[in-house]
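Down below is the structure, laid out as structure tokens.
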Number of protein chains: 2
Amino acid sequence: MAEATIRDVARRAQVSIASVSRALNGLGNVRQETRERVMAAAAELGYVPHAGARSLSLARAHAVGVVLPDLHGEFFSEFVRGMDREASRRGYVLLLSNIHDESEQAANALRAMRGRVDGLIVMAPHLSAGMLQSALPPTLPSLFINGPEEIDDRPTVRLDNVAAMEAMVAHLVAGGRKRIVHIAGPEGNVDARERVEGYRAAMARHAPGIEPVVLAGDFSEEAGEAAAHAIRANAIACDAVFAANDMMAIGCLQALRNGGADVPGEIAVAGFDDVPLARYLGLTTVRVRIAEMGARAIERLIDILEGGPADQRAERHDAELVVRGTTAARD
Amino acid sequence: MAEATIRDVARRAQVSIASVSRALNGLGNVRQETRERVMAAAAELGYVPHAGARSLSLARAHAVGVVLPDLHGEFFSEFVRGMDREASRRGYVLLLSNIHDESEQAANALRAMRGRVDGLIVMAPHLSAGMLQSALPPTLPSLFINGPEEIDDRPTVRLDNVAAMEAMVAHLVAGGRKRIVHIAGPEGNVDARERVEGYRAAMARHAPGIEPVVLAGDFSEEAGEAAAHAIRANAIACDAVFAANDMMAIGCLQALRNGGADVPGEIAVAGFDDVPLARYLGLTTVRVRIAEMGARAIERLIDILEGGPADQRAERHDAELVVRGTTAARD
DNA sequence: TTGTAAGCGTTATCAC
DNA sequence: GTGATAACGCTTACAA
């Protein structure tokens, strides 16, 4: 009743298991007739090679581990889809693991990968470099997506946050707005940090003399609302709000409008991510081609696994400015 | 440079590999002092057991394969999150595989699972029973989510589409609307089919004498728009549209309103899924607790794997009616 | 309590 | 060309 093994095929084809292996793997040194007998026997038994045994013998699992934080919505599905597409194209399988925090659980999840995968894709904008360094099997090839900048001896794929911020600020300034407020993402998040920096740099460049204003946030819609209230209550003089993600931008947008503000007449609002909702609300934002980043990460990792040239480049992927109604130029 | 193996630990602790295995796995018959020596050696070497070898020896991979169609948005991420949570709680790992169609690729993806996983979760509302039966390793325990009804000898977790349709139709009728049109999902999709049936049954029950009207659709926003145009152009007499999913409902809603119709005054609109957008548009819909279904599927599958009682029940999960503005009762 | 050795299902290195 | 057989890293009788 158990699945047929290579032995069963050998017995049925009246050859040794060595010949079965050779025939099935298409090695040259097998007589045509032998090969056919093996193929027939395998087909009759419905034989499928045991991937576990295979990988133990070959010391290659043809699997890559994917370690992710709690992602939501399109972002997660697109990312996984991009990786899955490329992985299966190259004959690899994906082992998925969500990591919620820096707990012992996280370290366990990483350990559980040992002996199952040939390499790791790690997306962990919220994990510290120290934790990663200590919990990652040192000999396991791994590629970081938007990982901590301190880890610079490993290959990475990173979103070019700075360029994206620059583009958006330039767009706002071109529309006649210079008093731009930034709502930041959570502390400790790499993307959030880079966006603040990018914002400051872009302001220095495009709106010299204007003091940058950064309001604290945590990527939640409520944080956006709170920011809107702060702006109104403290009478922060501004003609644009650029949030570190769409949900905050949306929360802010709604709160501003509910408070009677005219968007975009009086104040512009922009976000980051291009969630589906952004399109419906006409929110100007930045689109991340996350499926493409995922596919590229897998591609590079597998290239490394299959002995390509040493690759520890920090590859940056451009985001795309998506201009909609909430930042329409005034007049 | 390679990762430490059990032999290295044994050598360093001056014991046999058998003792290392026993100590590490917490078996009773190990002297306290030996156990400590082993633990120390393992820690010093940063030893992590090789999951592949372990599973070959144990004939258990502590992994489950998850086979999914192209899912989008929250649905996918919530589903995977629910499964991941439960799986990691029970010490299992998830192997993910997207299946796009009935091609050879799909069969390969299924085969690639052999020898890597102990069981399979299959969500395939678009795959035929025949294809599944033939490509699935017959001895691999598997649980279907919203699978074809013909496969009734395997455990399944299914959304109770019929009950959901019934609840929504009852809600619409209670609001004074009986001429309810249904926009269907793609042919060949199990959920779509069940929703049509549920719709018909509910109409027969709550709006006897009224002829059910089913418009063809494919789950896309455009299909919803097309349905709206068909309703206007052909002057289909109706006071409610109930689409098989939110995207079609949204497309229909927008097209109706753009065409000058008063929703909900003149005509109500309802969807299915409760995508994030639905909340923003005030769309009445049906919420699927997909994370819960995923977790439950994993739970049952692992119970089976770990020798629980034979379980081939078809478990149905209730969806939740979410009433919003687009179906407000008239007057 | 501990060690030796067989076995899990493959691939690869040898002889023949 | 083909068949024994030793790995791969682990668990687990069975002996000691």
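Computed from heavy atoms alone, side chains included, the values below leave out hydrogens, waters and symmetry copies. In what follows, chains are A, B, ... by sequence order, proteins preceding strands, each numbered from 1.
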Gap between atoms CD and P, on Gln32(A) and dT2(D) respectively (whole Å): 11 Å
Sugar-phosphate only, base, or nothing, as touched by Ser55(B) at under 4.0 Å among non-hydrogen atoms: nothing
Interatomic distance where CG belongs to Asn29(A) and C1' belongs to dT11(C) [whole Å]: 13 Å
Spacing between Arg37(B) atom CZ and dT1(C) atom P, to the nearest angstrom: 15 Å
Between dG3(C) (P) and Arg11(B) (CZ): distance, integer Å: 14 Å
Within 6.0 angstrom of Arg316(B) CZ, more than 12 heavy atoms from elsewhere: yes
side-chain hydrogen bond (donor to acceptor under 3.5 Å, both in side chains) partners of Glu104(B), counting only residues at least two apart: none
For His50(B), all residues meeting ring pair (Phe, Tyr, Trp, His ring centres under 6.0 Å), sequence neighbours excluded: none
Rounded (10°) bend between the five-pair end axes of the helix from dT1(C)-dA16(D) to dC16(C)-dG1(D): 50°
Those residues that, when tested against Asp303(B), pass side-chain hydrogen bond (donor to acceptor under 3.5 Å, both in side chains) (two or more places apart): Arg90(B)
Partners passing side-chain hydrogen bond (donor to acceptor under 3.5 Å, both in side chains) against Asp101(A) (at least two apart in sequence or in another chain): Ser103(A)
Protein proximity profile, nucleotides 4-16 of chain D - base contact B, sugar-phosphate-only contact S, no contact -, cut-off 4.0 Å on heavy atoms: B---BBBBBB---
Partners passing ring pair (Phe, Tyr, Trp, His ring centres under 6.0 Å) against Tyr92(B) (at least two apart in sequence or in another chain): His62(B)
For Arg35(B), all residues meeting salt bridge (Lys or Arg N to Asp or Glu O under 4.0 Å), sequence neighbours excluded: none
Contacts of type side chain to side chain contact (heavy atoms under 4.5 Å, CB included), residue Ala297(B), not counting sequence neighbours: Ile121(B), Leu143(B), Ile145(B), Val157(B)
